[in-house]
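All remarks here apply to the structure that follows.
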Amino acid sequence: MKHLQEKCVVHGKIYSISEVKFLLDPEKGIYYPYLNRTRSLSKAMVKVCVTEANILENFEETIGKVNRVTEMEKVIQEVLSGESGEGKWIGFTGGNCSIRRTAFLEAGGFDEKFGTRWGCEDFEFGYRLMQLGYDFIYSDRACNYHLMHYRLDFTKEHSLNVKYFYEKHNHENIIHLQEFVENKITVEQFVYFLTNYE
């Protein structure tokens with residue numbers, strides 16, 4: 001990728017893998033002390049969880065069995081492979097993006113007004129990069145594996161951050177982001193909104 005221009009953002013493909021953070025020792029089915037689970041559930045979880053040994057000794061076979069591409073990743077891949085630039089901000093996710101330090105500084109870094117709530121600080125930063133004329137590129141080769149994790153107030157926190165994001169930039173596609181997260185619109189509909197904004 002040495003040929004890439006100065007003003008570009010590279011989004012690497014993100015694979016999601018099973019949630020294992022609640023297990024202290026997945027191979028033995030030992031939960032973190034603050035969790036009270038049944039022995040039968042522990043045995044069942046050992047069969048689906050990825051362990052350190054799996055990663056170190058048999059990565060391709062083990063991860064290959066449990067990874068998947070999320071609906072959001074499908075949207076990002078589709079939008080970044082198209083010509084329209086209006087919705088390319090969706091390609092800036094904290095999970096797997098690369099930019100030059102100068103780009104980070106030029107765009108002013110992350111907006112700290114998002115606070116500690118989850119969601120949208122990365123998309124909003126990408127939106128500012130898009131406004132500055134940065135090109136967004138999708139790369140299958142720069143992939144990573146993201147560990148899925150449960151969030152208690154996911155919808156509430158995300159909707160508050162979408163509200164702030166929208167108030168800051170007043171772009172209709174930001175509202176469509178929340179609709180997509182809440183499963184009110186499909187992958188195809190969200191891609192359409194992101195690539196056909198008038």
Side-chain angles (χ1 to χ4, degrees), residues 1-2 4 8-32 34-35 37 41-82 87-101 103-104 110 114 116-126 129 134-155 157-158 161 177 180-183 186-188 190-191 194:
M1 291 198 177
K2 291 180 181 178
L4 294 178
C8 75
V9 175
V10 177
H11 174 92
K13 189 170 192 171
I14 301 173
Y15 293 99
S16 292
I17 59 174
S18 298
E19 182 173 326
V20 297
K21 287 188 176 181
F22 50 86
L23 289 172
L24 182 62
D25 184 342
E27 284 189 335
K28 295 179 182 174
I30 299 173
Y31 289 87
Y32 284 104
Y34 59 86
L35 294 173
R37 303 288 186 189
L41 178 59
S42 296
K43 286 181 180 179
M45 292 310 298
V46 169
K47 294 178 183 176
V48 298
C49 290
V50 176
T51 67
E52 183 178 358
N54 295 143
I55 294 169
L56 295 175
E57 297 165 15
N58 203 3
F59 182 83
E60 291 300 327
E61 184 179 327
T62 305
I63 301 300
K65 290 180 181 177
V66 297
N67 79 61
R68 67 183 183 88
V69 176
T70 65
E71 298 296 288
M72 181 61 80
E73 188 66 18
K74 292 174 187 174
V75 167
I76 293 168
Q77 186 173 13
E78 186 72 25
V79 171
L80 295 190
S81 65
K88 298 235 177 190
W89 56 268
I90 200 72
F92 194 92
T93 57
N96 193 10
C97 268
S98 300
I99 58 171
R100 294 179 184 268
R101 182 177 185 274
F104 183 82
F110 290 105
F114 280 101
T116 58
R117 289 189 308 265
W118 184 85
C120 294
E121 75 288 344
D122 46 3
F123 291 138
E124 191 277 332
F125 182 69
L129 288 168
Y134 280 78
D135 189 22
F136 287 70
I137 298 162
Y138 190 88
S139 174
D140 286 30
R141 292 173 47 205
C143 67
N144 78 3
Y145 297 85
H146 177 260
L147 185 63
M148 297 299 289
H149 43 90
Y150 175 73
R151 295 184 186 277
L152 185 62
D153 294 328
F154 165 78
T155 304
E157 287 194 357
H158 197 271
N161 280 355
L177 169 62
F180 179 69
V181 167
E182 293 179 2
N183 295 315
T186 64
V187 166
E188 294 76 20
F190 193 33
V191 167
L194 290 168

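Just so you know, these numbers come straight off a predicted model, no measurement behind them.
- The minimum heavy-atom distance between His158 and Val181, with the atom names listed, is CE1-CG2, 3.5 Å.
- Side-chain contact check for Lys74 versus Glu71: some heavy-atom pair is nearer than 4.5 Å.
- With a 4.5 Å cut-off on side-chain heavy atoms, Asn144 and Tyr15 do not count as touching.
- By the 4.5 Å heavy-atom criterion applied to side chains, Trp89 and Leu194 are counted as neighbours.
- For the pair Cys120 and Phe114, the minimum side-chain heavy-atom distance is below 4.5 Å.
- Closest non-hydrogen pair, Ser139 versus Val10, comes out as CB-CG1, 4.0 Å.
- Here the NE2-CD1 distance, from His11 to Ile137, works out to 12.5 Å after rounding to the nearest 0.5 Å.
- The two residues Cys97 and Gly91 have their closest heavy-atom pair at SG-O, 3.2 Å.
- Nearest heavy-atom pair across Val69 and Lys13 is CG2-CE, 3.8 Å.
- For the pair Gln77 and Asp140, the minimum side-chain heavy-atom distance is below 4.5 Å.
- With hydrogens and angles disregarded, a donor-acceptor distance shorter than 3.5 Å links the side chain of Asn161 to the backbone of Gly119.
- The side-chain heavy atoms of Phe136 and Ile90, taken from C-beta on, include no pair separated by under 4.5 Å.
- Annotation for Thr70 and Ser16: closest pair CG2-OG, 3.1 Å, computed over non-hydrogen atoms.
- Put simply, the side chain of Tyr134 does not reach to within 4.5 Å of the side chain of Ile99, judged on heavy atoms.
- Note that CZ of Phe190 is 9.0 Å distant from CD1 of Ile76, once rounded to the nearest 0.5 Å.
- The structure places NZ of Lys88 at 14.0 Å from CG of Leu129, a figure rounded to the nearest 0.5 Å.
- Side-chain contact, Tyr138 with Glu78: no donor N or O sits under 3.5 Å from an acceptor N or O.
- Between Phe125 and Phe110, the ring planes are tilted. Angles from 30° to 60° get that label.
- The heavy-atom pair separating Asp122 from Gly94 by the smallest distance is OD2-N, 2.9 Å.
- Using a 4.5 Å heavy-atom cutoff, the side chains of Leu177 and Met72 are in contact.
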